[in-house]
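Hydrogens, waters and symmetry mates play no part in the numbers below; they use all other heavy atoms, side chains included.
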Amino acid sequence: MSLLISLVFNLEWTVPAWIFLGLHFWKGVSLWWFVGSIALWVLFVMLKAFVFGSLTRAGNYKDPPKENKNPYSKKDI
């Protein structure tokens, strides 16, 4: 689900692919340029989603409780 949302938010990166598709129909450029650029876009978005997901998981790590070494707030009763 996250990958699909990322793909929707990164649609502007498909502009080169659409240009290659237009060149295919207009000038006869190979269709593999279109397919390759779409595949590269999907791989880039997958890599970006993986990196941001792993960074989010690392940021959500709970620190263990630490000993209070402040002498003014320490309660020694």
Side-chain angles (χ1 to χ4, degrees):
M1 187 67 176
S2 173
L3 177 63
L4 293 175
I5 292 171
S6 294
L7 287 173
V8 168
F9 282 129
N10 290 302
L11 278 176
E12 67 272 4
W13 289 96
T14 62
V15 170
W18 299 114
I19 291 172
F20 282 132
L21 185 63
L23 286 174
H24 168 71
F25 290 117
W26 184 41
K27 292 286 188 178
V29 175
S30 177
L31 195 59
W32 286 109
W33 285 99
F34 170 73
V35 173
S37 58
I38 289 289
L40 191 64
W41 169 66
V42 169
L43 286 174
F44 173 73
V45 171
M46 284 175 55
L47 179 67
K48 194 166 85 168
F50 173 74
V51 167
F52 286 151
S54 62
L55 289 174
T56 300
R57 281 190 298 278
N60 288 340
Y61 179 73
K62 286 200 95 139
D63 289 334
K66 296 179 178 91
E67 179 185 354
N68 185 4
K69 295 182 179 180
N70 186 352
Y72 298 108
S73 66
K74 204 172 195 182
K75 296 181 181 175
D76 285 334
I77 299 179

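For S30, there are no side chain to side chain donor-acceptor pair (under 3.5 Å) partners two or more places apart in sequence or in a different chain. Residues that satisfy the ring pair (Phe, Tyr, Trp, His ring centres under 6.0 Å) test with W32, not counting sequence neighbours, are absent from this structure. With sequence neighbours excluded, the residues satisfying side chain to side chain contact (heavy atoms under 4.5 Å, CB included) with V15 are I19.
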Assess the residue pair W41 and S37 against the criterion (side chain to side chain donor-acceptor pair (under 3.5 Å)); give the C-alpha distance rounded to whole Å, side-chain angles, the decisive distance to 0.1 Å, and a yes or no.
CA-CA 6 Å; W41 169 66; S37 58; over 6 Å; no
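If you chain together hydrophobic residues whose side chains sit under 4.5 Å apart, W18 and W33 fall into the same group. Hydrophobic clustering (side-chain heavy atoms under 4.5 Å, transitive across Ile, Leu, Val, Met, Phe, Trp, Tyr) groups V45 together with L4. Under a hydrophobic clustering in which Ile, Leu, Val, Met, Phe, Trp and Tyr are joined whenever their side-chain heavy atoms come within less than 4.5 Å, directly or via other members, L43 and I38 fall into different clusters. V35 and L40 fall into different hydrophobic clusters, where Ile, Leu, Val, Met, Phe, Trp and Tyr side chains are chained together by heavy-atom contacts under 4.5 Å. Residues F52 and F9 fall into different hydrophobic clusters, defined by Ile, Leu, Val, Met, Phe, Trp and Tyr side chains chained together at heavy-atom separations under 4.5 Å.
Inter-residue side-chain proximity for K48 and N10 is flagged as met; some heavy-atom pair is nearer than 4.5 Å. Counting only heavy atoms from C-beta outward, the side chains of L21 and L31 approach each other to under 4.5 Å.
Minimum interatomic distance between T14 and L11 (heavy atoms only, all atoms of both residues): OG1-O, 2.6 Å.
No donor-acceptor distance shorter than 3.5 angstrom exists from the side chain of W13 to the backbone of F44, with no hydrogens or angles considered.
The CZ atom of F34 sits 8.5 Å away from the CZ atom of F25 when rounded to the nearest 0.5 Å.
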